[in-house]
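Since the structure comes first, as structure tokens, the remarks are kept for the end.
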Amino acid sequence: MRQKKLSFVTEELLASKGVVITPQHIEIPKNKKIHLEVGSGKGQFITSLARDHKDEFFVAFELNMSVLYRIVEKKEALELDNLIIILGDATNLLEYFDESSLDVIYLNFSDPWPKSRHHKRRLTYYSFLELYKKLLKSDGMLQFRTDVLPFFEDSVTYVESLFDIFDQTYDLEISKYMTEYEEKKRKIGKINQLKGTVKHD
């Protein structure tokens, strides 16, 4: 079930909670492993990682205000000092981070945009992959999960043009770190995942 719009959630409220609401350069630790989840949904995946890896740094990036508010709630409940939450559009990622500054980028169950004319909107499409490659360190990793097989197969083609895929599965095992959406979809089908490192010319 999709998150219903929360009428009380405003940019002002989110800003008061420490959410970054406008494109701006983000100061991130230079001496820690940096994780970014693009399209964090309600935040179960990224907040669980942040909870269990206090010596690393995490960034939740989400466009929907009502959904993002659920991340804020989790951050406050878990008292996560190692998590930043950003309200923003992925096309603007380079406005937030320096090039070659991130260690891992996660794409979890993003919109598959099934119609061909909409494929350029996919977060795994070539234009977005170029952004990720610029943001990741030379040994950085991209991880992508989806339950939509055609989307996954298309994404493999996109990703292998810019990344070296070292892990690819069509039946991902249950793990400690799953989104709310993954937990729901596992009851009716399989989960696909790929992992890739930055390809060097």
- Task: State which residues pass side chain to side chain donor-acceptor pair (under 3.5 Å) with Gln44; sequence neighbours excluded, sorted by chain then number.
- Result: Glu183

- Message: Checking Phe57 now: which residues fulfil ring pair (Phe, Tyr, Trp, His ring centres under 6.0 Å) with it, not counting sequence neighbours?
- Response: none

- Item | Qualifying residues under ring pair (Phe, Tyr, Trp, His ring centres under 6.0 Å), relative to Phe8, sequence neighbours excluded | Tyr69

- Message: List the residues meeting salt bridge (charged side-chain N to carboxylate O under 4.0 Å, His left out) with Lys54, not counting sequence neighbours, and say none if there are none.
- Response: none

- Output all residues satisfying side chain to side chain donor-acceptor pair (under 3.5 Å) with Thr124, sequence neighbours left out; order by chain, then residue number. Ser155

- Task: Would you check if Leu94 and Leu135 make a side-chain contact, meaning some heavy-atom pair closer than 4.5 Å?
- Result: yes

- Report yes if the side chains of His53 and Asp55 come closer than 4.5 Å at any heavy-atom pair, otherwise no. yes

- Just how far is it from atom CZ of Arg122 to atom CG of Asp111, taken to the nearest 0.5 Å? 9.0 Å

- Item | Nearest-0.5 Å distance, CD1 of residue Ile28 to OG of residue Ser101 | 4.0 Å

- Short question: side chain of Lys195, backbone of Met141 - any donor-acceptor pair under 3.5 Å? no

- Working to the nearest 0.5 Å, report the span between CD1 of Ile105 and CG of Leu136. 4.0 Å

- With sequence neighbours excluded, residues passing ring pair (Phe, Tyr, Trp, His ring centres under 6.0 Å) with His118: Trp113

- Message: Check this for me: Lys120, atom NZ, are more than 12 non-hydrogen atoms of other residues, nucleotides or ligands nearer than 6.0 Å?
- Response: no

- Would you say Val159 and Phe144 are hydrophobically clustered, going by side-chain heavy atoms of ILVMFWY under 4.5 Å? yes

- Give the minimum heavy-atom separation between Leu131 and Ala90, together with the two atoms involved. CD1-O, 3.6 Å

- Message: side chain to side chain donor-acceptor pair (under 3.5 Å), that's the test. Do His25 and Asp98 meet it? Break it down for me.
- Response: CA-CA 8 Å; His25 183 264; Asp98 292 331; 2.9 Å; yes

- Task: Could you pull out all residues at least two apart from Glu76 that satisfy side chain to side chain donor-acceptor pair (under 3.5 Å)?
- Result: Lys17

- Query: With no hydrogens and no angle check, is any side-chain donor or acceptor of Asn92 less than 3.5 Å from a backbone partner on Glu95?
  - Reply: no

- Would you say Val38 and Val198 are hydrophobically clustered, going by side-chain heavy atoms of ILVMFWY under 4.5 Å? yes

- Item | Considering all heavy atoms, the nearest Ala15-Ile21 contact | CB-CD1, 4.0 Å

- Query: If Ile, Leu, Val, Met, Phe, Trp and Tyr residues are connected whenever their side-chain heavy atoms lie under 4.5 Å apart, and connections chain through other members, are Leu49 and Ile71 in the same group?
  - Reply: yes

- Item | Tyr132 side chain reached by Leu107 side chain, heavy atoms, under 4.5 Å | yes

- Query: Using links of under 4.5 Å between side-chain heavy atoms of ILVMFWY residues, direct or through other members, which residues join Ile191 in one cluster?
  - Reply: Phe109, Leu172, Tyr181

- Is there side-chain contact between Val72 and Leu13, with heavy atoms separated by less than 4.5 Å? no

- So do Asn82 and Glu56 actually touch side chain to side chain, heavy atoms under 4.5 Å? no

- Message: When you group the ILVMFWY residues by side-chain heavy-atom contacts below 4.5 Å and let the links chain together, are Ile86 and Leu83 in the same group?
- Response: no

- By side chain to side chain contact (heavy atoms under 4.5 Å, CB included), which residues pair with Tyr170, not counting sequence neighbours? Leu149, Phe152, Glu153, Gln168, Asn192

- Message: Can a donor-acceptor pair be found, under 3.5 Å and without considering hydrogens, that links the side chain of Ser40 to the backbone of Glu62?
- Response: no

- Separation between OH of Tyr96 and CG of Leu102, rounded to the nearest 0.5 Å: 13.5 Å

- Would you please name every residue forming a ring pair (Phe, Tyr, Trp, His ring centres under 6.0 Å) with Phe163, sequence neighbours left out? none

- Task: Verify whether one side chain among Asn108 and Glu182 offers a donor that lies under 3.5 Å from an acceptor in the other.
- Result: no

- Message: Can you pull out every ring pair (Phe, Tyr, Trp, His ring centres under 6.0 Å) where at least one residue sits in residues 31-51? Sequence neighbours excluded, please.
- Response: His35-Phe58, His35-Tyr106, Phe45-Tyr106

- Message: Would you say that more than 12 heavy atoms from the other residues, nucleotides or ligands in this model lie under 6.0 Å from the CG of Asp81, or not?
- Response: no

- Query: Do you reckon Phe61 sits in the same ILVMFWY cluster as Leu14, going by side-chain contacts under 4.5 Å, direct or chained?
  - Reply: no

- Message: Checking Lys32 now: which residues fulfil side chain to side chain donor-acceptor pair (under 3.5 Å) with it, not counting sequence neighbours?
- Response: none

- Test item: Lys199 and Leu162 side chains (from C-beta on) under 4.5 Å apart, heavy atoms: no

- Give, for atom OG1 of Thr179 and atom NZ of Lys185, the distance between the pair rounded to the nearest 0.5 Å. 11.0 Å

- Do NZ/NE/NH1/NH2 and the carboxylate oxygens of Glu73 and Arg70 come within less than 4.0 Å? yes

- Message: Does any part of the side chain of Arg51, heavy atoms only, come nearer than 4.5 Å to the side chain of Ser48, both counted from C-beta?
- Response: yes

- Distance, nearest 0.5 Å, that separates CD of Gln193 from OG1 of Thr146: 11.5 Å

- Just wondering, more than 12 heavy atoms not from Lys134 lying within 6.0 Å of its NZ? no

- Report yes if the side chains of Ile26 and Val59 come closer than 4.5 Å at any heavy-atom pair, otherwise no. no

- Message: To check you understand the geometry: which heavy-atom pair defines the closest contact between Arg186 and Glu173, and what is its length?
- Response: NH2-O, 2.9 Å

